[in-house]
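Working notes, beginning with the structure itself.
Treat the numbers as computed from the prediction; the structure is a model and nothing was measured.
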Amino acid sequence: MFIYLYLYYMIFGLLFIFGVLMFFLSLYFMLFDYMIFMDWEILTINSFSISMSIIMDYMSFMFMGFVLLISSMVVLYSYSYMYDDMYKNRFLILVLMFILSMMFMIISPNMISILLGWDGLGLVSYALVIYFQNNNSYNSGMLTVMTNRIGDVAILMCIAWMMNFGSWNYIYYLGFYDIYMNNIIIFSILAAFTKSAQIPFSSWLPAAMAAPTPVSALVHSSTLVTAGVYLMIRFSSMLYNIDCTFFVILSMMTMLMSGLGANFEFDLKKIIALSTLSQLGLMMMILFLGFPKLAFFHLLTHAFFKALLFMCAGMIIHVMNNSQDIREMGYVINMMPYTSSCFIISSFSLSGLPFLSGFYSKDLILEVFSINNMNFIYYFIFMISVMFTVSYSVRLMNYLMFMGSGNYVFQLYYEDKKMMFSMMLLTFFSIFLGVVLMWLMFKTPFFIFMFLYMKLMPLFSVFLGLFFGYLFFKKNMNNFNMFFGLYFMGSMWFMPIFSTYGLYKYFMYTSRVYSKLIDMGWGEYIFSKSHVKYMYIISKINYIFEENNIKLFMISFVFFMIMMMM
């Protein structure tokens, strides 16, 4: 076990050092506005150049640094979390492969090398989702990998379309627009929507919670799901050429649907997954409105507090004998004060409470949206979604910390030191990262001037969310009046059914009919039995016409071939 401990410590140290190094490099590149572009040509065929390209600017370094920092925390955390697991070395290798795929995706300005990272992410995430090897994991893994295949095919289509340009370095082609470019934009948006789980591909993200919790903290908070947003940020200068209203509406619907669904959910990890989905909708929406830098800002702050939220949830599930149902929990704050403090800080940061990390990015997005002259319905849905974010956080805190049944009060509540260390650093980032990035990323300070009521609206939404969170907690969800709420709103507007059972039900029925009528019906008779009888009859006739047997066999052969062709 000591060998494992040293191995985990070594990997933690390497990832942490490289993460800090990348962060400082990104600051240097940001200060001097540097960009390094490296191109390694692998193969050239008829003016098509297949090359491995690497782009190094402040964006790729900063994102890479933060991914490595979160990964280092997750590796340290998973040593204690996966301590009793038989295959923990396999788990560690999978996590490292995942980080490697993410690196490939971040530093690639080339569609082919992006596909390498993109496909790697999908494949390794499938291996991690089915890690526990039960029926639920297998179903979730299949849904995850099949949905992500749509995005992979979209990237392949982009590669095919870019053959018209003679190179796959999309970074060269962001400055002009023609009919080919239109298709490339649509395919890249499709790829981003599948990877970032926007409507109509949302159902895989809550299903992917079948993975171990450290994986959820790394994969479904900061890396895999933000890969789509990151791709769109890289492609953002092309989005100005098309009308993005439809995509803005889809992103807003994702925000609303996931925020609403989280208020009716009882599975701890699924609630946090739905909150991730809500934040992804927020990032996508502000990106399609033409503010990629704000989307990147929120992506970075969100990565830390969401990873922390997952880690705290994992700690609580760990001591609750692996139960994830929040109705069985309660008064955790008395047993695990440190974990509960981190959980509350990250929840408040997620809600956008003033002067925490999430506030700086979220409030800025809200204010930029407010002065962007959007339609009132958009504004209303947006504010309602912000309110729901606060309400499910408060509801969760009520169930976990302050009230609840308290069924699990006799469990072993032991806060592991290694887990606590990784959570401590993330808590520090969840408080201070927002303001630090605000100072660093934007060269000129934002001064947004608007009506007082509009200025106070985000704050009003937060306080309204506090009230609704208490209301959702107190309301008895088991009575008949809540039937509609639970079964429609709580099931992500039936999207998981459309993605799984609704999709394959008719194909299963068709295949059953085909099997009955063709395989075991007429097909069996025509292709397996009839020609035996036919040849038997021919042979009987042949006895009558013995002199002409060659001719008869020839005719019968031709006749049989004609029948077969028909």
- Message: Counting C-beta onward and ignoring hydrogens, is there a side-chain heavy-atom pair between Lys362 and Thr389 closer than 4.5 Å?
- Response: yes
- Message: Using side-chain heavy atoms (C-beta onward) and a distance below 4.5 Å, is Ser202 in contact with Thr254?
- Response: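 Touching, per the 4.5 Å side-chain cut-off.
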So which atom in [X] and which in [Y] form the shortest heavy-atom distance, rounded to 0.1 Å?
X      : Y      : result
Ile333 : Ser340 : CA-OG, 3.3 Å
Ser385 : Met255 : CB-CE, 3.4 Å
Ala191 : Trp118 : O-CZ2, 3.4 Å
Ser361 : Thr301 : OG-OG1, 3.0 Å
Ile70  : Ala307 : CG2-CB, 3.9 Å
Ala154 : Leu190 : CB-CD2, 3.9 Å

Within 6.0 Å of [atom1] in [X], more than 12 heavy atoms from elsewhere:
X      : atom1 : result
Phe380 : CZ    : no
Tyr470 : OH    : no
Asn135 : CG    : no
Tyr138 : OH    : yes

Relative to the ring of [Y], is the ring of [X] parallel (under 30°), tilted (30 to 60°) or perpendicular (over 60°)?
X      : Y      : answer
His302 : Phe305 : perpendicular
Tyr77  : Tyr81  : parallel
Tyr379 : Phe369 : parallel

- Just checking, is any N or O donor in the side chain of Ser391 or Asn263 under 3.5 Å from an acceptor N or O on the other one? yes
For the rings on [X] and [Y], is their centre-to-centre separation under 6.0 Å?
X      : Y      : answer
Phe297 : Phe442 : yes
Phe193 : Phe201 : no
Phe61  : Phe23  : no
Tyr79  : Tyr83  : yes

Working to the nearest 0.5 angstrom, can you tell me the gap between [X] [atom1] and [Y] [atom2]?
X      : Y      : atom1 : atom2 : value
Leu466 : Arg395 : CG    : CZ    : 15.5 Å
Asn398 : Ser393 : CG    : OG    : 11.0 Å
Glu367 : Leu294 : CD    : CG    : 11.0 Å
Ser347 : Leu396 : OG    : CG    : 6.0 Å

- Task: Please step through side-chain hydrogen bond (donor to acceptor under 3.5 Å, both in side chains) for the pair Lys455 and Ser370, ending with a clear verdict.
- Result: CA-CA 9 Å; Lys455 197 80 173 169; Ser370 300; over 6 Å; no
- Could you walk me through whether Arg327 and Asp325 pass the salt bridge (Lys or Arg N to Asp or Glu O under 4.0 Å) test, one step at a time? CA-CA 5 Å; Arg327 286 169 293 192; Asp325 197 323; 3.0 Å; yes
- Query: Step by step, would you call Leu68 with Phe16 a side-chain contact (heavy atoms from CB on, under 4.5 Å)?
  - Reply: CA-CA 6 Å; Leu68 287 169; Phe16 186 77; over 6 Å; no
- Item | Worked verdict on Val435 versus Phe359 for side-chain contact (heavy atoms from CB on, under 4.5 Å) | CA-CA 9 Å; Val435 68; Phe359 166 78; over 6 Å; no
- Go through the steps to decide whether Met401 and Phe343 satisfy the test side-chain contact (heavy atoms from CB on, under 4.5 Å), and finish with yes or no. CA-CA 10 Å; Met401 314 284 173; Phe343 190 92; 3.4 Å; yes
- Query: Checking ring pair (Phe, Tyr, Trp, His ring centres under 6.0 Å) for the pair Phe388/Tyr392: CA distance, chi angles, key distance, verdict?
  - Reply: CA-CA 6 Å; Phe388 281 142; Tyr392 62 68; 8.4 Å; no
- Task: Given ring pair (Phe, Tyr, Trp, His ring centres under 6.0 Å), test Phe467 with Phe463 step by step and report yes or no.
- Result: CA-CA 7 Å; Phe467 169 71; Phe463 287 117; over 10 Å; no
